[in-house]
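The structure presented is a predicted model; accordingly, all values stated were derived computationally and were not measured.
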Amino acid sequence: MMNPIFIISLSGIAGIAVGVLVMMGISRAGLNKNEQKAEQLLKEAQIEADAKIKQAVLEGKTQAHDLRIEAEKEIKERKQETMQFENKLLRREDNLNFRDEALTQKEKQISDKLQKANDKLASLDAKEKKLQEQIDKQILVLEGVAKMSSQDAQKELFAVVEKKMEHETVAYIKDKEEEAKATATEKAQNIIALAIERMAQQETQERTVSVVAIPGEEMKGRIIGREGRNIRCFEQATGVELNIDDTPDLITITCFNPIRREVARLALEHLIKDGRIQPGRIEEVVRKYQNEIDQEIMKAGEEAVFKLGIGRIDREIVRLIGTLKYRYSYGQNALQHSMEVAYLAGCMAIELGLNQQLAKRAGLLHDIGKALNIEQQEGSHVELGYKFCKKHGEKDIVLNAIQSHHYDVEPKYLTSHIVIAADTISAARPGARKESAQAYINRLENLEKIAGGFEGVQQAYAIQAGREIRILVNPDRVDDVTCVKLARNIREKIENELTYPGQIKVNVIREVRAQEVAK
């Protein structure tokens, strides 16, 4: 169909052409000729527009016809789908009706069966009532013959049976008790023997002396330093005593604290190998090996936990377990002792059907407080270990084993008794412990603890087998005059509280350092 706007545009163009010709002053004859041409163009445009309109109308009718055909086709498909859905619903309705009829029939059958069951129950109740009446009549007849009621007969029968069984019961109970005691003793012995047999642990005896070889006698002078400043700095930084003049080509390190002694040995070997021995370098090397020992402690704890297979454990507890590697009790290494107790407790737990992993855990941690003793904390190792493990979320069975392994509290669990037995076996076997070494270490620990209890004391080191104690004080809190008073007070407390052979020299050291960095 021709657009009306297009037709109007053609007419407008013709009019504009006529106007332009008039304005240009074209002659009348030329104007008429032009008008004729314009009319001719207008007619042609009108014819063309009519043709296009007819064409557009025809195309519109064709398109409408196609749309009608498509719509009819879609309606037909929708009707077909609707019929299929209706047929499906009808089939489903037929199925539901069939099921409903089947359920109705079954319900009727069940109702019939229930009625029959009720009739049978009523019949049984009537028969039971009739039977009970007959039994009561027979009992009355029997009571008349025996001249005794049923209650009296029952009591007399029970009395005869009880009297007959009393002796047999007592004899049976006595036999079982004796059998249980014998079996329990034998089983306990077998369990302990089996646990000991499966446990093979090498024993490490405690030493309080380490020896470092030197390449020559001239190295001793370098270690001592000018006016003894190097050796004083080394002993002050490590808390050990160096004996240089006793043995040629050897330096002896003495200290009861195994961690400090190991740090001193490693640091001294490094300084001898490096050759640079001066106070600043000494302090740097000592700090380095203190960090290495801390890492070694953590590694030892992790290896112990891994070997025993006790599962996940807090890292702070692992660190204390590693610290036990450097702790000795009566000459027996505390870490080896704890692992031995864990192995023994695990073996016994298996035999008794208990949790092996939990028994090992309790055995490993029973002496964990001894690692806290190294850090000079107040309290017994039992109390310290219990508080520390409770703080880090250990179970009640483990906590009770820690508390009760020296009978400070009553053992509440069978695992606690196992740990006590394993601890006794590990500690009491021949060669495991030495009394003299522990007494010596206890005296040195008490000496350092007394000195550390005074205000202003920074560090306290017992050296020369306890014949001397060196006390480092905080220079900001203790002046030179107070040092004299502090030394006297410490001396008096040592005299009042400790028993020791010979004399103990008390040295209070106050050092002030001024340090600047040149840039």
| His366 and His337 aromatic centres sub-6.0 Å | yes
| request: Could you tell me if the ring centre of His417 sits under 6.0 Å from that of His405? | output: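 Centroid separation for His417 and His405: 6.0 Å or greater.
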[X] with [Y]: basic N within carboxylate O range, under 4.0 Å:
X	Y	value
Lys387	Glu383	yes
Glu394	Arg361	yes
Glu302	Lys299	no
Lys325	Glu296	yes

| field | Heavy-atom side-chain proximity of Leu271 to Asn230 below 4.5 angstrom | value |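 No - every pair of side-chain heavy atoms lies 4.5 Å or more apart.
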Between [Y] and [X], is there a side-chain donor-acceptor contact under 3.5 Å, judged purely by atom types and distance?
X	Y	value
Glu468	Asn507	yes
Gln459	Glu448	no
Ser416	Asn400	yes

| request: Nearest 0.5 Å please: distance from the CG atom of Asn243 over to the OG1 atom of Thr254. | output: 5.0 Å
| Between Tyr413 and Lys395, is there a cation-pi geometry (under 6.0 Å to ring centre, at most 45° from the normal)? | no
